[in-house]
Amino acid sequence: MIPMVDLKRQYRNLKPEIDKAIQAVLESANFILGENVTKLEEEIALYHNISHATGVGSGTDALLLALDALGIGEGDEVITTPFTFIATAEVVANLKAVPVFVDIDPETYNINPDKIEEKITERTKAIIPVHLFGHPAEMDRIVAIGKKHNLKIIEDCAQAFGAEFKGKKVGTFGDCGCFSFFPSKNLAAYGDGGMIITDDDGTAKKIRMLRNHGTFVKYHHKIVGYNSRLDNIQAAIVRVKFKNIDQFNDSRIRNAEIYRENIKRDDTILPEEKNGSKHVYHQFTIRSGKREAIRECLNNSQIASAIYYPVPLHKQEVFANLDRKVDSLPASEGCAAEVLSLPMFPELTKREILHICDVINNVSR
Ligand SMILES: *Cc1c(COP(=O)(O)O)cnc(C)c1O
């Protein structure tokens, strides 16, 4: 079986270093926050050439705490894409704010900047662009819209660690950039974890308080916070992988190139790198009217595939009663009906990819 992602292969390659890092934390008996969290925060801030990075409990919490720190709350409207994982919009609803969905550009699967302004009202407070599958959203135009209407921008970088838009890393365009270390992400832990980056001192300070029960000085609570701390073991694991992140992303890019050169079907659209983007291929997602047939042949050949995402968020039951419900976002719905993600991870071999391409090319037209 060729899986979507093979974490066992990666662990085999990194085992001595990872085992040693975990062992050291066990011996230090320092588990919540701790030295590895502080060091990882410094390393990730430096990598992004930004002033602050704060480790939190998950990618979802990264979004939640960023929105909370930026003052998003009851009745505020937050513009985002419906073609994403639920967490992007769930956190908006958690704060009693209202997600407002804007259709996507079907070529990048990201929010379409042409359609944002028509959704802005007096209550709009923020935009959450998602760099879906590792392809950056069009940040120059999104930042310009944000400036013009005085909106906060929170980048959902959960799938895009190391991706770049016009030579600048994602996460550094908006007020906050939010990352996930969920085990299958490009930079990952062996459990839940996340990180928020920002250049604003006040926002960083607030996020630090929020993640630890609204506390700055122990047992003195200034604001209502959360328990959302990255732990020392997960940070130690992420630090080992972080040393290799550029190499891992390069392998993904090389794998994408092999897929692109060898899938030959004129009824299938392959992912492109648009608008001066560095795509880091968290997923390699194709689009085809023949999706079900391709999927079945892959499955019969012991090759995994996955549909991200089968139901866009404006069609989800949980958002059926939204204040500003939209009935139809045709690009998102069209993509949801036709996308198919193929196995993608740094350790995937050329031979495996050629085999996958072969199976796809032989599906009847
Ligand atoms: C994974 C993911 C999240 C949530 O991250 P967790 O660490 O699982 O909470 C948010 N947004 C997107 C786009 C994701 O892919």
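Just so you know, ligand 1 is whichever comes first in the structure, and atom 1 is the first atom listed for that ligand. All residue numbers in this chain count up from 1 along the given sequence.
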query = Does any N or O in the side chain of N212 come within less than 3.5 Å of the main-chain N or O of T215, such that one atom is a donor and the other an acceptor?
reply = no
Please tabulate, line by line, the atom pairs linking an N/O of ligand 1 to a protein N/O at a distance below 3.5 Å, with the distance in Å to 0.1, or answer 'none'.
{"from": "ligand 1", "atom 1": "5 (O)", "to": "S180", "atom 2": "OG", "distance (Å)": "3.3"}
{"from": "ligand 1", "atom 1": "7 (O)", "to": "G59", "atom 2": "N", "distance (Å)": "2.7"}
{"from": "ligand 1", "atom 1": "7 (O)", "to": "S180", "atom 2": "OG", "distance (Å)": "2.6"}
{"from": "ligand 1", "atom 1": "9 (O)", "to": "G59", "atom 2": "N", "distance (Å)": "3.3"}
{"from": "ligand 1", "atom 1": "9 (O)", "to": "T60", "atom 2": "N", "distance (Å)": "2.8"}
{"from": "ligand 1", "atom 1": "9 (O)", "to": "T60", "atom 2": "OG1", "distance (Å)": "2.5"}
{"from": "ligand 1", "atom 1": "11 (N)", "to": "D156", "atom 2": "OD1", "distance (Å)": "3.3"}
{"from": "ligand 1", "atom 1": "11 (N)", "to": "D156", "atom 2": "OD2", "distance (Å)": "2.8"}
{"from": "ligand 1", "atom 1": "15 (O)", "to": "Q159", "atom 2": "NE2", "distance (Å)": "2.8"}
{"from": "ligand 1", "atom 1": "15 (O)", "to": "K185", "atom 2": "NZ", "distance (Å)": "3.1"}

message = Less than 4.5 Å apart, side chain to side chain, heavy atoms only: is that true for E333 and P312?
response = yes
inquiry  = M139 and side chain to side chain contact (heavy atoms under 4.5 Å, CB included): which single residue from I153, T172, N110 fits?
reply    = I153
message = Checking K148 now: which residues fulfil side-chain contact (heavy atoms from CB on, under 4.5 Å) with it, not counting sequence neighbours?
response = E117
ask   = Residues two or more places apart in sequence or in another chain: which of them pass side-chain contact (heavy atoms from CB on, under 4.5 Å) with L33?
value = V37, R211, R229
Just distance, no hydrogens or angles: give the donor-acceptor pairs under 3.5 Å from side chains in residues 76-87, sequence neighbours left out.
{"from": "D76", "atom 1": "OD1", "to": "K125", "atom 2": "NZ", "distance (Å)": "3.1"}
{"from": "D76", "atom 1": "OD2", "to": "G73", "atom 2": "N", "distance (Å)": "2.8"}
{"from": "E77", "atom 1": "OE1", "to": "T121", "atom 2": "OG1", "distance (Å)": "2.9"}
{"from": "E77", "atom 1": "OE1", "to": "R324", "atom 2": "NH1", "distance (Å)": "2.8"}
{"from": "T80", "atom 1": "OG1", "to": "I128", "atom 2": "O", "distance (Å)": "2.7"}
{"from": "T81", "atom 1": "OG1", "to": "F83", "atom 2": "N", "distance (Å)": "2.9"}
{"from": "T84", "atom 1": "OG1", "to": "T88", "atom 2": "OG1", "distance (Å)": "2.8"}

